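Everything numeric here is computed off the predicted structure, so don't read it as measured data.
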Amino acid sequence: TSRFHVVTKVYELAQPFSFFLTKVAGIADKYNSTLALDIKDILSADMGNLVASCQFNYMFDIPWLVQQYPKEFRSKPLLIVHGEQGPSKTTLEAEAIDYSNVRFCQAKLEMLFGTHHTKMMLLQYDTGMRVVIHTSNLIKQDWHQKTQGIWISPLFPKMAKPSATEGDSTTHFKRNLLEYLSAYKAYQLKDWINNISEHDMSTARVVIIGSVPGRHTGDQMKSWGHMKLKRVLQQHGPSNGVVKNWPVIGQFSSIGSMGANKEAWLCGEWLQSLSAATGGTTLSSVPLLKLVFPTKDNVRCSLEGFPAGGSIPYSINVAKKQMFLHDFFHQWRSEGQGRSRAMPHIKTYLRPSPDNQKTAWFLVTSANLSKAAWGALEKKGTQLMIRSYEIGVLFLPKFFGGKDLFDVSSNFEMLKSSTDVFPLPFDLPLTDYIKGKDRPWMWDIPYMDLPDTNGNIWCPG
Ligand SMILES: O=C(O)c1cnc2c(C(=O)O)cccc2c1O
């Protein structure tokens with residue numbers, strides 16, 4: 001067992017945040033070293049001697065997934081938590097016909113247009129368990145040439161006696177994880193819920209920000225979505241005096257319908273939560289909002305070419321109703337991490353300093369820019385309506401050595417040499433869209449004027 005202790009140490013040494021990007025095929029090796037992981041690294045025996053696992057996700061290729069486990073783990077119990085219904089559920093279950101160790105749990109989706117976006121691994125070893133929260137579907141292409149994010153927990157040891165309240169961290173990680181899993185009300189998750197209560201998760205330093213479908217009222221309203229993030233930032237975030245002139249950055253790979261103007265939800269509701277701080281926010285200063293979303297040419301010139309856009313499902317029918325949104329957009333650029341051509345499927349949100357050297361917090365999550373994911377207030381702000389399952393982890397300086405701010409950089413050389421600089425997935429300052437030239441990527445219109453990396457054009461439909 002000394003072997004994986006060493007490896008665990010290496011991961012934790014790489015950086016205290018345990019925040020990694022996925023390896024990208026076709027870029028220089030140096031960009032795929034200690035700060036990047038492949039799914040095989042996560043499932044490796046170096047991380048622990050697997051006994052059972054549970055995979056929450058949106059898209060699955062079961063035969064491919066089983067192959068990503070070391071062969072000695074491929075017949076261990078594997079529970080798949082998905083949101084498929086009817087025929088697509090039957091198809092998914094048929095994929096596992098040859099794997100008697102694979103079981104399924106269908107997450108209930110009672111809100112129209114809701115999806116099961118959550119991407120999480122529960123990994124039970126003989127000596128404890130790990131939780132992995134990430135942004136990749138369980139299909140080969142999501143781990144090949146995209147920019148994706150991964151948080152890996154420390155190894156959580158088993159406790160002498162089970163307890164749902166003991167063995168928690170200052171960030172209430174265990175309680176929040178149990179609340180999230182209980183919200184499924186799924187009998188197939190009972191054993192995993194019991195399992196988690198048997199583990200000591202006091203070393204977890206991130207805060208869980210989850211979404212579950214429903215119309216949440218009372219205390220529940222602040223347990224999910226943007227209202228959870230708001231409450232956490234008000235309690236444990238930066239002081240308003242420090243951040244009041246700092247921008248909020250949102251970076252995502254899909255966009256929902258925002259309504260008629262920015263006041264409807266984006267700035268009137270969502271930004272109010274993301275700009276929350278301790279010491280109350282002065283109403284007058286609506287903070288600067290900057291959004292990162294790939295241009296058509298970012299996609300065209302990417303490693304995958306136009307097909308990368310198959311995972312960036314922004315529809316022209318949604319885009320044309322919200323041209324106001326595109327004024328906030330900036331290009332995808334990640335020169336420091338060698339990933340300018342690895343299109344983002346990662347979703348991240350942060351509050352960087354104007355000089356781009358610091359951030360007050362950082363969130364990596366499955367949640368795109370949509371009301372379905374983050375929630376929309378209803379009934380004069382007395383209930384939060386959420387359609388989808390989402391989960392993410394929030395990094396707050398307070399829980400990483402009691403600091404006020406994180407130093408940040410996307411520069412690989414800088415990150416390699418210093419352990420407590422937060423590794424950004426993209427470059428700051430952001431890169432504007434070129435006026436009169438750049439358009440946001442939209443996946444359901446043709447592009448036939450210029451060839452992509454592979455010499456192809458794009459003709460959807
Ligand atoms: O990772 C995800 O949760 C996710 C969800 N949805 C889609 C869609 C769609 O919803 O049509 C199209 C293409 C890719 C994705 C995707 O990657």
Side-chain angles (χ1 to χ4, degrees), residues 209 225-230 232-234 237-238 240-277 280-295 298 312 314 318-319 321-333 344 346-365 367-377 390 392 394-395 405-406 408 410 424-435 438-441:
I209 307 290
H226 74 74
M227 293 300 283
K228 165 71 180 275
L229 180 54
K230 180 177 191 176
V232 173
L233 291 175
Q234 287 172 331
N240 185 50
V242 169
V243 294
K244 68 179 182 298
N245 301 319
W246 293 20
V248 166
I249 292 185
Q251 175 274 314
F252 39 80
S253 61
S254 183
I255 307 167
S257 180
M258 298 282 110
N261 55 53
K262 65 182 173 39
E263 279 68 32
W265 180 80
L266 183 71
C267 296
E269 177 176 328
W270 183 77
L271 182 56
Q272 296 305 315
S273 290
L274 271 79
S275 57
T281 35
T282 43
L283 290 176
S284 61
S285 64
V286 176
L288 212 45
L289 174 63
K290 296 177 177 232
L291 302 177
V292 179
F293 188 75
T295 65
N298 290 158
I312 308 176
Y314 192 27
V318 174
K321 290 185 298 183
Q322 50 198 33
M323 299 305 278
F324 68 85
L325 183 67
H326 306 160
D327 297 340
F328 293 95
F329 282 3
H330 297 77
Q331 297 192 46
W332 170 260
R333 190 171 181 279
I346 191 172
K347 294 90 174 146
T348 60
Y349 304 82
L350 66 150
R351 190 87 192 265
S353 55
D355 69 2
N356 299 309
Q357 302 303 308
K358 310 277 185 181
T359 190
W361 51 266
F362 185 92
L363 172 68
V364 58
T365 171
N368 280 302
L369 185 66
S370 77
K371 293 154 80 169
W374 287 94
L377 288 168
E390 311 280 353
L394 177 68
F395 298 86
L405 301 170
F406 290 131
V408 295
S410 65
L424 293 183
F426 52 83
D427 300 334
L428 294 179
L430 299 178
T431 304
D432 290 343
Y433 272 30
I434 299 167
K435 296 273 174 290
D438 283 326
R439 298 278 184 283
W441 166 258

Visitor: Can you see which heavy atom on Trp374 is nearest to which on Leu363, and at what distance?
Guide: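 So the two residues come closest at CH2-CD2, 3.5 Å.
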
Visitor: Would you name the heavy atoms of Glu269 and Gly375 that are closest together and state the gap between them?
Guide: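 Residues Glu269 and Gly375, closest heavy atoms: OE2-O, 3.5 Å.
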
Visitor: Test Leu266 against every option in Asn261, Leu271, Leu325 by the side chain to side chain contact (heavy atoms under 4.5 Å, CB included) rule and name the one that passes.
Guide: Leu325

Visitor: If you round to the nearest 0.5 Å, how far is CZ of Phe395 from CZ of Phe406?
Guide: 7.5 Å

Visitor: Do Ser253 and Asn368 have side chains that approach each other closer than 4.5 Å (heavy atoms only, starting at C-beta)?
Guide: yes

Visitor: Please examine the side chains of His326 and Tyr433, heavy atoms only from C-beta on, and report whether any two atoms are closer than 4.5 Å.
Guide: no

Visitor: Which heavy-atom pair separates Val248 from Leu274 by the least distance, and what is that distance?
Guide: CG2-O, 3.8 Å

Visitor: Can you tell me which residue among Thr365, Leu394, Leu229 is in a side chain to side chain contact (heavy atoms under 4.5 Å, CB included) with Tyr349?
Guide: Thr365

Visitor: State, with a plain yes or no, whether a side-chain heavy atom of Pro425 is found less than 4.5 Å away from one of Ser410.
Guide: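 No, their side chains stay 4.5 Å or more apart.
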
Visitor: Tell me, do Lys347 and Val364 make a side-chain contact under 4.5 Å, heavy atoms counted?
Guide: no

Visitor: From Asn298 CG over to Trp332 CH2, what is the distance, rounded to the nearest 0.5 angstrom?
Guide: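 One gets 10.0 Å once the value is rounded to the nearest 0.5 Å.
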
Visitor: Could you tell me which non-hydrogen atom of Asp432 sits nearest to which non-hydrogen atom of Gln331, and how far apart they are?
Guide: O-NE2, 3.0 Å

Visitor: Do the non-hydrogen side-chain atoms of Ile249 and Thr359 ever get within less than 4.5 Å of each other?
Guide: no

Visitor: Roughly how far, to the nearest 0.5 Å, is CD of Gln322 from CG of Asp327?
Guide: 12.0 Å

Visitor: Nearest 0.5 angstrom please: Asp355 CG to Trp246 CH2, how far?
Guide: 7.5 Å

Visitor: Hey, is the main chain of Gly225 close enough, under 3.5 Å, to the side chain of Glu390 for a donor-acceptor pair?
Guide: no

Visitor: May I ask you to test the Leu369-Phe328 pair for a side-chain heavy-atom distance under 4.5 Å?
Guide: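 No, their side chains stay 4.5 Å or more apart.
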
Visitor: What is the distance from atom CG of Leu428 to atom CG of Leu350, rounded to the nearest 0.5 Å?
Guide: 6.5 Å

Visitor: Donor-acceptor pair, Gln234 side chain versus Ala276 backbone, under 3.5 Å?
Guide: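 No, the answer is negative, given that no donor and acceptor are paired below the 3.5 Å cut-off.
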
Visitor: Looking at every heavy atom in both Phe426 and Val292, which two are closest together, and how far apart are they?
Guide: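 So the minimum-distance heavy-atom pair works out to CE1-CG2, 4.3 Å.
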
Visitor: Where do Ser275 and Arg351 come nearest, in terms of heavy atoms and distance?
Guide: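 Smallest heavy-atom distance, with atoms named: O-NH1, 3.4 Å.
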
Visitor: Please answer whether the main-chain N or O of Cys267 pairs with a side-chain N or O of Gln272 as donor and acceptor at a distance below 3.5 Å.
Guide: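 At least one qualifying donor-acceptor pair exists.
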
Visitor: Any chance you could lay out the side chain to side chain contact (heavy atoms under 4.5 Å, CB included) test for Thr295 and Phe329, step after step, and finish with the verdict?
Guide: CA-CA 9 Å; Thr295 65; Phe329 282 3; over 6 Å; no

Visitor: Does the side chain of Ser254 come within less than 4.5 Å of Ser370's, by heavy atoms?
Guide: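 They are not in side-chain contact.
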
